[in-house]
Q: 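Handing you this structure, nothing more for now.
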Amino acid sequence: MAAKATVDGGPGGGGGGAAWPAPASAHRDLHVILDAVPIPIFFKDAAGVYRGCNRAFEEYIGRPRSEIVGRTVHELAPSDLAEVYHAADLALLREHGVQTYESQVRYADGSRRDVLFNKATFPGPAGEVAGLVGTILDVTDRKAAEARLQHQAFHDALTGLPNRALFMDRLGLALAAARRGPARVALVYLDLDRFKMVNDTLGHHAGDRLLQEVGRRLAAAVRDSDTMARMGGDEFCAIVPDVVDGAEAAAVAHRLAAALRPVVELQGHDLHVTASVGVALHPTDGEDPHTLLRCADAAMYQAKESGPNAVRLFSPGQRDDRRLDFESKLHGAVERGELTLHYQPQTHLATSRLVGFEALLRWNHPTLGQVMPDRIIPVAEESGLVLPIGAWVLREACRQAAAWQRGGRNLRVAVNVSARQLERGDFPDLVRETLRETGLEPALLEVELTESVAMREESIARMASLRDTGVRIAIDDFGTGYSSLSCLRRMPVEALKIDRSFVREVEDGSPLLEPIIRLAHGLGLRVVAEGVETHRQLRRLHELGCDLAQGYALGGPMPASLVEARLAAGP
Ligand code: C2E
Ligand code: MG
Ligand code: MG
């Protein structure tokens, strides 16, 4: 607060300025002190004429005190700056007060610096505004640090590209600008294919290097007016203002994809980098930044789904349309007789005897071809179609098994039942009615439930009701859910079907299989191994005490006609 002290003490002798009172010795001391302050300090009178300064100010202006005192800023500073300073002085001198502002100045040595002016008025003998005292702080370094922080807050440290925050900001500006004109704004969203593999196999350092290279190439492939940002992970997004239509946006997308094409050499490996690219257009696909970004992201996912290195324009409802189309086709499938069952044999391991079949759904559609249950069941469950379809499967399987039974063969048939079917309180009634209608002996029907379905409280009563009818219940895909063997104790269950993921490991001495089989036997459960593909697996499962096996090693799912032929041919 040297300047303040000067003011209070009445500024003494601005370096020999004639109009200023001659310094008393206390004032001379003050003058020595001010000269020691490395911050430029100056005084002006109420007319804006320099009345004194310290040594740092002489250096700042590049002139001796004698050439400063008695002059105005117009005589010392470049005219444009002088205007600004003079106007600021006048504003301050109009009444007592302080004033602070930043300015960029050129020093006497030619360097450009950012400075902070602090100015305050001081009173004359009658309390009037006698003049002002000012200090000039060099804030160049602080400004640079601020700019660095600002940059860090809005840029990605790894690639130096704008980050998501800056991206959203620029997108907001681009959309606001676009609303006033005919041009469209395109978002091009890129997600590298198989980036995780690079990270996992070559390490994070290599992954980082790859992202830097990708960032460099993408940034170089867009125009200066475009923004290329790293959105996080291996995702990049470009804002492309003023495109004409989707075709032009797609062209940009292809150009970006092409920029990635040259081989990247990393730790002696030649990497072929590709990306899945999604494009969204403002205003067609979205009016605001968030919607538009979601659309670009969704388009990118569509691209991902169609394999690596694909470019997709966002098309609203494309997925919904496909889904609805599939669902409406499935709707009439039962009536049109397009559903069939395939039967996969289950064999007793100790005796190699065929004990029964699992019924597996197939849908033969004129244009879709043969559709597998993994595609059918999720749609059927969500749409509720699983009820009529499930009822059909049950009846058809029972009808077939009853036919075999009448032919003198007691072969069990296993039917998969999904959660929504069992949810219905009348499911046990449906089963009983179907058994009565088809004439199948209840013990020849097995119902397969997954762990999660069987574990529900309300399922247990229905399972008990089924068992009382004489129907058997098996837990399907055992080991993939969360049930524990102790839960099984409470369940009216006869068999466990061990999921093929366990069976696959049986040759490597899967440590879980043996205790599962032992515990299941302890609970009086039959154990069926699913997805047995090799004879070695068969042997090993037999050694471990597994009861039944099902899988390609013993026969895949086949149409009933083929089953008949096999049965006729004998063992
Ligand atoms: P799941 O009940 O676990 O049926 C076994 C699946 O494994 C069948 O696939 C079968 O073809 C396949 N599989 C059989 N042996 C092998 C093998 O050795 N190796 C391998 N890798 N796979 C083998 P699918 O027919 O595609 O059925 C898939 C799933 O769809 C079934 O799994 C079942 O959960 C469900 N599903 C099938 N039919 C129906 C149905 O009528 N209703 C309901 N709700 N779900 C069904
Ligand atoms: Mg099954
Ligand atoms: Mg299964």
Side-chain angles (χ1 to χ4, degrees), residues 330 333-334 338-347 356-364 369-401 412-424 427 430-431 434 445-454 459 472-481 483 493-507 526-538 540-541 546 548-560 562-563:
L330 185 58
V334 177
E338 291 168 359
L339 300 181
T340 65
L341 291 181
H342 280 194
Y343 297 89
Q344 183 173 33
Q346 292 186 350
T347 307
F357 293 92
E358 178 176 14
L360 294 160
L361 182 63
R362 300 292 182 262
W363 174 24
N364 294 309
Q370 187 173 79
V371 186
M372 301 300 279
D374 289 339
R375 278 189 72 199
I376 306 167
I377 300 299
V379 176
E381 285 195 335
E382 212 171 290
S383 61
L385 284 171
V386 77
L387 295 176
I389 290 175
W392 177 87
V393 170
L394 183 67
R395 173 169 298 111
E396 177 60 16
C398 289
R399 191 197 58 72
Q400 184 61 67
R412 202 161 41 222
V413 69
V415 172
N416 294 284
V417 170
S418 77
R420 290 215 41 190
Q421 290 175 269
L422 196 70
E423 255 170 33
R424 298 278 302 241
F427 183 72
L430 176 74
V431 172
T434 307
L445 175 64
E446 187 161 87
V447 165
E448 291 191 7
L449 304 172
T450 58
E451 287 170 73
S452 55
V453 176
S459 298
R472 291 160 183 272
I473 298 169
I475 302 295
D476 202 357
D477 305 337
F478 186 79
T480 59
S483 65
V493 166
E494 277 77 32
L496 274 196
K497 297 190 75 176
I498 296 178
D499 191 67
R500 62 169 163 275
S501 53
F502 285 96
V503 171
R504 206 176 295 137
E505 290 167 11
V506 68
E507 286 157 288
R526 214 167 357 107
V527 180
V528 187
E530 279 191 279
V532 185
E533 294 181 351
T534 69
H535 285 274
R536 282 188 57 182
Q537 287 172 349
L538 277 178
R540 188 77 192 110
L541 286 162
C546 189
L548 303 178
Q550 177 184 344
Y552 298 155
L554 295 159
M558 56 188 112
L562 199 57
V563 174

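In each ligand, atom 1 is the first atom listed, and ligand 1 is the first ligand listed. The chain is numbered in sequence order, starting from 1. Being a predicted model, the structure only gives us computed values, none of them experimental.
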Q: How about Asp476 and Glu530: do any of their side-chain heavy atoms sit closer than 4.5 Å?
A: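 Yes. Closest side-chain heavy atoms under 4.5 Å.
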
Q: We want to know whether Gln346 and Gln550 form a side-chain donor-acceptor pair, criterion being a heavy-atom distance below 3.5 angstrom.
A: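 Yes, a side-chain donor-acceptor pair sits under 3.5 Å.
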
Q: Where on Gln344 is there a heavy atom closer than 4.0 Å to ligand 1, on the side chain, on the backbone, on both, or on neither?
A: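 The part of Gln344 near ligand 1 is the side chain, not the backbone.
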
Q: Can you name the N, O or S atom of Asp477 that is closest to the Mg ion (ligand 3)?
A: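 The nearest such atom is OD1.
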
Q: Report yes if some heavy atom in the side chain of Glu423 is under 4.5 Å from a heavy atom in the side chain of Ser459; otherwise report no.
A: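 Glu423 vs Ser459: side chains apart.
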
Q: Could you tell me which atoms of ligand 1, counted from 1 in the order shown, lie closer than 4.0 angstrom to a heavy atom of Gly531?
A: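 Close to Gly531: 16 (C), 17 (C), 18 (O), 19 (N).
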
Q: Select one of side chain, backbone, both or neither to describe which atoms of Glu530 lie under 4.0 Å from any atom of ligand 1, heavy atoms only.
A: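 The side chain, only.
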
Q: Salt-bridged, Glu446 to Arg526, with N to O below 4.0 Å?
A: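 Yes, Glu446 and Arg526 are salt-bridged.
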
Q: Tell me the closest heavy-atom pair linking Pro345 and Gly555, and the distance in Å.
A: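 Between these two residues, the closest heavy atoms are CD-O, 3.7 Å.
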
Q: Verify, without hydrogens or angle tests, whether Gln537 (side chain) and Glu533 (backbone) share a donor-acceptor contact under 3.5 angstrom.
A: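 A pair under 3.5 Å: yes.
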
Q: Could you tell me whether atom 32 (O) of ligand 1 has at least one protein heavy atom nearer than 4.0 Å?
A: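 Flag for atom 32 (O) of ligand 1 set to false, no protein heavy atom closer than 4.0 Å.
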
Q: With a 4.5 Å heavy-atom cut-off, do Val415 and Val447 have their side chains touching?
A: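 No, their side chains stay 4.5 Å or more apart.
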
Q: What protein heavy atom sits nearest atom 35 (C) of ligand 1, and how far away is it?
A: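 Of the protein heavy atoms, Pro373 CB, 4.1 Å lies nearest.
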
Q: Any idea which atoms of ligand 1 are less than 4.0 Å away from a heavy-atom of Glu448?
A: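 Under 4.0 Å from Glu448, ligand 1 has these atoms: 2 (O).
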
Q: How far is atom 18 (O) of ligand 1 from the closest protein heavy atom, and which atom is that?
A: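 Sorting protein heavy atoms by distance from atom 18 (O) of ligand 1 puts Tyr552 N, 2.8 Å first.
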
Q: Taking all atoms of both residues into account, what is the closest heavy-atom pair of Arg375 and Val379, and its distance?
A: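 So the minimum-distance heavy-atom pair works out to O-CG2, 3.7 Å.
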
Q: Do any nitrogen or oxygen atoms of Gln550 come within less than 3.5 Å of a nitrogen or oxygen of ligand 1?
A: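 Not met; the criterion fails.
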
Q: Side chain, backbone, both or neither: which part of Leu361 has a heavy atom under 4.0 Å from ligand 1?
A: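 The answer is both.
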
Q: Counting only heavy atoms closer than 4.0 Å, does ligand 1 sit against the backbone of Asn416, its side chain, both, or neither?
A: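 Looking at Asn416 and ligand 1, atoms from backbone and side chain both fall under 4.0 Å.
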
Q: Less than 4.0 Å is my threshold; does some heavy atom of Pro557 fall inside it relative to ligand 1?
A: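 Under 4.0 Å: yes for Pro557.
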
Q: Just give me the atom name: the N, O or S atom of Glu530 closest to the Mg ion (ligand 3).
A: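 Answer by atom name: OE2.
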
Q: Grab the two heavy atoms, one from Ala391 and one from Gln421, that are nearest each other, plus how far apart they are.
A: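 Smallest heavy-atom distance, with atoms named: N-NE2, 4.3 Å.
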
Q: Using a 4.0 Å heavy-atom cut-off, which part of Asp476 comes near ligand 1: side chain, backbone, both, or neither?
A: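 Side chain only; the backbone of Asp476 stays clear of ligand 1.
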
Q: Ligand 1 versus Glu358, non-hydrogen atoms closer than 4.0 Å: side chain, backbone, both, neither?
A: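 The part of Glu358 near ligand 1 is the side chain, not the backbone.
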
Q: Would you say the side-chain atoms of Arg412 pair up with the backbone N or O of Gly356, donor to acceptor, closer than 3.5 Å?
A: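 Checking the backbone N and O of Gly356 against the side chain of Arg412, no donor-acceptor pair under 3.5 Å is found.
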
Q: How wide is the angle at the Mg ion (ligand 2) between OE1 in Glu448 and OD1 in Asn416, to the nearest 10°?
A: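 An angle of 90° at the metal.
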
Q: Please give the atom name: the N, O or S atom of Glu358 nearest to the Mg ion (ligand 2).
A: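 The Glu358 atom nearest to the Mg ion (ligand 2), restricting to N, O or S, is OE2.
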
Q: When you compare the side chain of Tyr552 with that of Gln344, does any pair of heavy atoms fall below 4.5 Å?
A: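 Yes, close enough: below the 4.5 Å cut-off.
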
Q: List every atom of ligand 1 that sits less than 4.0 Å from any heavy atom of Asp374, numbering the atoms from 1 in the order shown and giving each element.
A: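 Matching atoms, with element in brackets: 28 (C), 29 (C), 30 (O).
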
Q: Taking atom 9 (O) of ligand 1 as the reference point, report whether a protein heavy atom occurs under 4.0 Å from it.
A: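 Within 4.0 Å: no protein heavy atom nearby.
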
Q: Could a heavy atom of Glu381 be found less than 4.0 Å from some atom of ligand 1?
A: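 No, Glu381 has no heavy atom closer than 4.0 Å to ligand 1.
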
Q: Side chain, backbone, both or neither: which part of Asp477 has a heavy atom under 4.0 Å from ligand 1?
A: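 It is the side chain that touches ligand 1; the backbone stays farther off.
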
Q: Picking from Leu445, Val417, Val493, what satisfies side chain to side chain contact (heavy atoms under 4.5 Å, CB included) with Ile473?
A: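 When side chain to side chain contact (heavy atoms under 4.5 Å, CB included) is applied between Ile473 and each of Leu445, Val417, Val493, only Val493 qualifies.
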
Q: If you compare all heavy atoms of Leu341 against all heavy atoms of Leu361, which two are closest, and at what distance to 0.1 Å?
A: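 So the two residues come closest at CD2-CA, 3.9 Å.
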
Q: Of the protein's non-hydrogen atoms, which lies at the shortest distance from atom 4 (O) of ligand 1, and what is that distance?
A: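 Residue, atom and distance for the closest contact: Leu360 CD2, 3.6 Å.
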
Q: Among protein heavy atoms, which sits nearest to atom 7 (O) of ligand 1, and what does the distance come to when rounded to 0.1 Å?
A: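 For atom 7 (O) of ligand 1, the nearest protein heavy atom comes out as Arg500 NH1, 3.0 Å.
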
Q: Assess whether side-chain contact (heavy atoms from CB on, under 4.5 Å) is satisfied between Arg424 and Leu387, documenting all intermediate values.
A: CA-CA 9 Å; Arg424 298 278 302 241; Leu387 295 176; 3.4 Å; yes

Q: Would you check if the side chain of Gln400 reaches a backbone N or O of Ala397 as a donor-acceptor pair within less than 3.5 Å?
A: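 Such a contact is absent between Gln400 side chain and Ala397 backbone.
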
Q: If you measure from atom 21 (N) of ligand 1 to every heavy atom of His342, Glu533, Glu396, Arg362, which option wins on shortest distance?
A: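 Ranked by closest heavy atom to atom 21 (N) of ligand 1, first place is Glu533.
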
Q: What atoms of ligand 1 come within less than 4.0 Å of a heavy atom belonging to Ser418?
A: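 So the atoms of ligand 1 that pass are 44 (N).
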
Q: Check whether any side-chain heavy atom of Ile389 lies under 4.5 Å from a side-chain heavy atom of Leu330, and answer yes or no.
A: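 Yes, their side chains come closer than 4.5 Å.
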
Q: Could you tell me, atom by atom, which parts of ligand 1 come under 4.0 Å of a heavy atom of Val532?
A: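 In order of numbering, the contacting atoms are 18 (O).
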
Q: What N/O/S atom of Asp476 is the closest to the Mg ion (ligand 2)?
A: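 Closest N, O or S atom of Asp476 to the Mg ion (ligand 2): OD2.
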
